[in-house]
Amino acid sequence: MGELVRNALELAQADRELPPIPPLELRIERPKEREHGDYSCNVALRLASAVRRPPMEVASSIAQRILCTEPIAEVEVAPPGFINIKLDADWQRHQLLSVIEAGPDWGRIELGAGQRVQIEFVSANPTGPLQVGNGRGAVLGDALASVLDAAGFDVEREYYINDAGAQIRLFGRTLFARYLQQFGRKTSLPDGGYQGAYMVDLAARLKEAFGERWLDSADDPPPDLSEQGLQLMVEHIRSDLALLRVEFDHWQRESALYNAADGESIYDVAMARLRDGAYVIEKEGAVWFRSDAVGEDKDNVLIRSSGEPTYFASDVAYHYDKFLVRGFDTVIDVWGADHQGHVARTKAAVTAVGGDGEALEVLLYQLVHLRRGGERVRMSKRTGEIVTLRELIEEVGADAARFFMLQRSADAQMDFDLSAAASADPRQNPVSYVKYAHARCASVLRTAAEAELSASSDHLELLDSEQEATLIGEILRLPELVADMALRREPHHLTYYAQSLAQAFTQFYDTCRIVVPDEPQRSGARLTLTQAAQAALAATLGMLGVEAPDEM
RNA sequence: GCGCCCGUAGCUCAGCGGAUUAGAGCGCUGCCCUGCGGAGGCAGAGGUCGCAGGUUCAAGUCCUGCCGGGCGCGCCA
């Protein structure tokens with residue numbers, strides 16, 4: 001569509017109706033008002049002063065040169081200088097056949113051209129169960145991955161397991177203490193150890209599986225006890241995420257970055273790169289990354305004076321691995337907003353190890369607060385209130401959890417209303433409304449089959465009511481929406497689209513009787529529309545990761 | 001103090017690199033069930049888009065400052 005207008009503009013210039021001007025971004029938008037057509041463009045308004053002509057004249061010079069063929073039915077110039085384009089209604093109606101053919105794949109486009117994108121998300125420390133906030137990152141990352149996948153990118157979902165460092169040692173020591181306690185030993189937890197009851201459960205499971213194996217171990221913690229505990233914890237996290245319908249293609253262990261496969265570990269190579277590039281400086285007994293290159297005021301420690309690498313050093317190695325070893329074109333890290341301070345230095349580090357810092361994108365999401373109706377729910381163990389992601393899912397279900405988490409842009413803090421999410425009543429819960437629309441499509445199609453009526457494209461011109469036109473428009477705009485969401489890394493638009501699509505179908509259903517045995521032609525057309533609506537709903541719910549039931 | 005995010009209807013929030021009459025859901029008011037699932041539909045009330053400047057023919061949207069709120073600013077992760 002943009003090209004059509006651009007071509008017309010260039011023609012106008014070639015015909016000397018308009019003076020040549022420097023190329024500019026053309027923006028095509030979808031007007032809110034139906035009267036303004038299906039697409040509209042404001043080039044003329046933007047150009048008017050540059051070419052020193054009234055906007056309306058500029059607009060008509062361009063508009064005259066837009067070919068009014070096939071998809072386009074009408075090109076209009078509207079004050080103060082808009083070019084409004086109407087699509088041919090019949091062409092649109094026949095597009096429904098492509099929609100039905102695509103089915104739940106409707107909306108898939110080739111925008112990404114197979115570029116490899118890695119999305120790393122959640123990546124919570126494997127020292128405890130996932131919290132509600134992790135759920136937001138999980139849903140955001142997963143839905144973005146689905147959107148990019150639909151947009152034609154080659155997407156990999158990844159979870160990074162921080163299984164190295166002090167934190168995990170403390171986990172091991174806590175677990176060891178709990179393990180000894182299983183055998184009645186009077187052992188206290190280490191300072192700052194993990195207090196949660198889940199550690200007791202883990203210890204009990206280790207006792208069950210391994211008996212007295214570590215009872216007299218001199219190590220604190222015994223390495224394989226830590227390892228077994230870690231695996232149980234990761235498995236727990238994996239199953240929590242599975243409840244949310246979030247699955248990963250790859251689980252990357254931090255410790256693997258330190259394993260030297262053939263002499264040098266990923267970590268060694270990454271650090272060597274930094275040294276070669278003169279990005280490091282030694283001072284105060286530690287090794288620092290020179291952040292003045294980034295414009296940060298402080299340098300960042302890579303290797304402590306104790307010789308132990310920092311979390312940041314691991315991150316450098318990890319991103320080296322992502323870009324230089326595994327060769328992703330784009331890497332998107334989904335982080336909680338509390339990690340915002342790490343963005344600049346991580347990008348700088350990517351550049352420093354020989355990658356393109358611009359190819360690393362960090363998507364930050366803000367905090368989640370829970371509420372129950374008007375009441376704020378304090379997320380604390382002490383009050384016995386909901387804390388873990390699993391508890392949230394058990395209370396509201398995966399569909400509502402996902403949908404509600406995606407109703408806000410990542411930038412905005414969010415109040416998650418448990419009572420609305422838990423309600424099955426669509427009057428409070430948009431998830432049910434959307435799923436219901438899908439189920440209703442299925443129901444109508446079943447009824448039609450019983451009445452021996454079938455979808456037909458022979459008389460699509462009978463889809464001529466306002467509600468039908470609106471629904472067709474909603475269905476057909478999905479591919480554009482996918483492109484927009486993919487480019488902007490904003491999957492939250494899905495929830496709004498899902499609602500307006502569901503509403504358009506419901507209004508159509510409400511005003512147009514679909515199954516009318518006396519009017520097989522009209523029924524055939526409306527059944528075609530119903531099938532297409534169902535496909536668009538299924539595709540949308542699919543990207544949202546919400547079920548699309550045939551009955552409720 | 002510095003950095004990032006947010007401030008739009010009673011509540012929770014959309015509003016895309018500026019544009020044709022500011023939106024949704026919930027809540028509120030009033031209508032509509034002798035038809036494919038009323039788990040619905042229609043209509044309405046409700047907004048100085050935090051404040052003040054600036055850029056522009058045009059600003060909720062861009063720029064600056066201020067005021068609120070959140071999160072960061074470790075040889076912690």
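Here the structure is a predicted model, which means the values were calculated and not measured. Numbers restart at 1 for each chain; the letters A, B, ... are given by sequence-line order, proteins then strands.
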Rounded to whole angstrom units, what separation is found between the [atom1] atom of [X] and the [atom2] atom of [N]?
X: R345(A); N: A77(B); atom1: CZ; atom2: P; result: 10 Å
X: I514(A); N: G35(B); atom1: CD1; atom2: C1'; result: 12 Å
X: R477(A); N: C16(B); atom1: CZ; atom2: C1'; result: 12 Å
X: R376(A); N: G70(B); atom1: CZ; atom2: P; result: 10 Å
X: Q407(A); N: U12(B); atom1: CD; atom2: C1'; result: 9 Å
X: M56(A); N: C57(B); atom1: CE; atom2: C1'; result: 15 Å

Please pick, from [options], the nucleotide with the shortest atom-to-atom distance to any side-chain atom of [X].
X: R304(A); options: G18(B), G37(B), C76(B); result: C76(B)
X: E29(A); options: C71(B), G41(B), A19(B); result: A19(B)
X: R488(A); options: G41(B), G15(B), A77(B); result: G15(B)

So what does [X] hit on the nucleic acid, given a heavy-atom distance under 4.0 Å: a base, only sugar-phosphate, or nothing?
X: E284(A); answer: base
X: L367(A); answer: sugar-phosphate
X: R513(A); answer: base
X: M414(A); answer: sugar-phosphate
X: Y496(A); answer: sugar-phosphate
X: H492(A); answer: sugar-phosphate
X: C41(A); answer: nothing
X: P79(A); answer: base
X: T506(A); answer: sugar-phosphate
X: A286(A); answer: base
X: N125(A); answer: sugar-phosphate
X: H493(A); answer: sugar-phosphate

Item checked: Base A19(B) paired with H36(A) side chain (donor-acceptor, <3.5 Å) -> no
Between [X] (side chain) and [Y] (backbone), is there a donor-acceptor pair under 3.5 Å?
X: T346(A); Y: H342(A); value: yes
X: T310(A); Y: V301(A); value: yes
X: D415(A); Y: R371(A); value: no
X: E480(A); Y: R477(A); value: no
X: W288(A); Y: K283(A); value: yes
X: R290(A); Y: V280(A); value: no
X: R408(A); Y: Q413(A); value: no
X: N84(A); Y: S40(A); value: no

Next item on the list: List the steps and the verdict of side-chain contact (heavy atoms from CB on, under 4.5 Å) for F171(A) and M199(A).
Entry: CA-CA 9 Å; F171(A) 171 80; M199(A) 291 301 278; 3.6 Å; yes
Next item on the list: Report yes if the side chains of Q131(A) and V387(A) come closer than 4.5 Å at any heavy-atom pair, otherwise no.
Entry: yes
Check: Less than 4.5 Å apart, any side-chain heavy atom of V287(A) and any of M271(A)?
Finding: no
Table of protein N/O atoms under 3.5 Å from nucleotides 42-46 of chain B N/O atoms:
unit_1 : atom_1 : unit_2  : atom_2 : d
C42(B) : OP1    : Q507(A) : NE2    : 2.5

Notebook entry, point to check: So what's the dot-bracket for RNA chain B: Watson-Crick or G-U pairs under 3.5 Å, [ ] if a pair crosses, | if it pairs off-strand?
Noted result: (((((((..((((.........)))).(((((.......))))).....(((((.......))))))))))))....
Check: Base of C4(B) relative to its sugar, syn (within 90° of 0) or anti?
Finding: anti
Check: Does a sphere of radius 6.0 Å around CD in E29(A) hold more than 12 heavy atoms from other residues, nucleotides or ligands, not counting ones at 6.0 Å or beyond?
Finding: yes
Item checked: The single option from Y318(A), F121(A), W335(A) passing ring pair (Phe, Tyr, Trp, His ring centres under 6.0 Å) against Y160(A) -> Y318(A)
Mind listing the N/O atom pairs, protein and nucleotides 2-8 of chain B, below 3.5 Å?
unit_1 : atom_1 : unit_2  : atom_2 : d
G3(B)  : N2     : Q340(A) : NE2    : 2.7
C5(B)  : O2'    : D411(A) : O      : 2.4

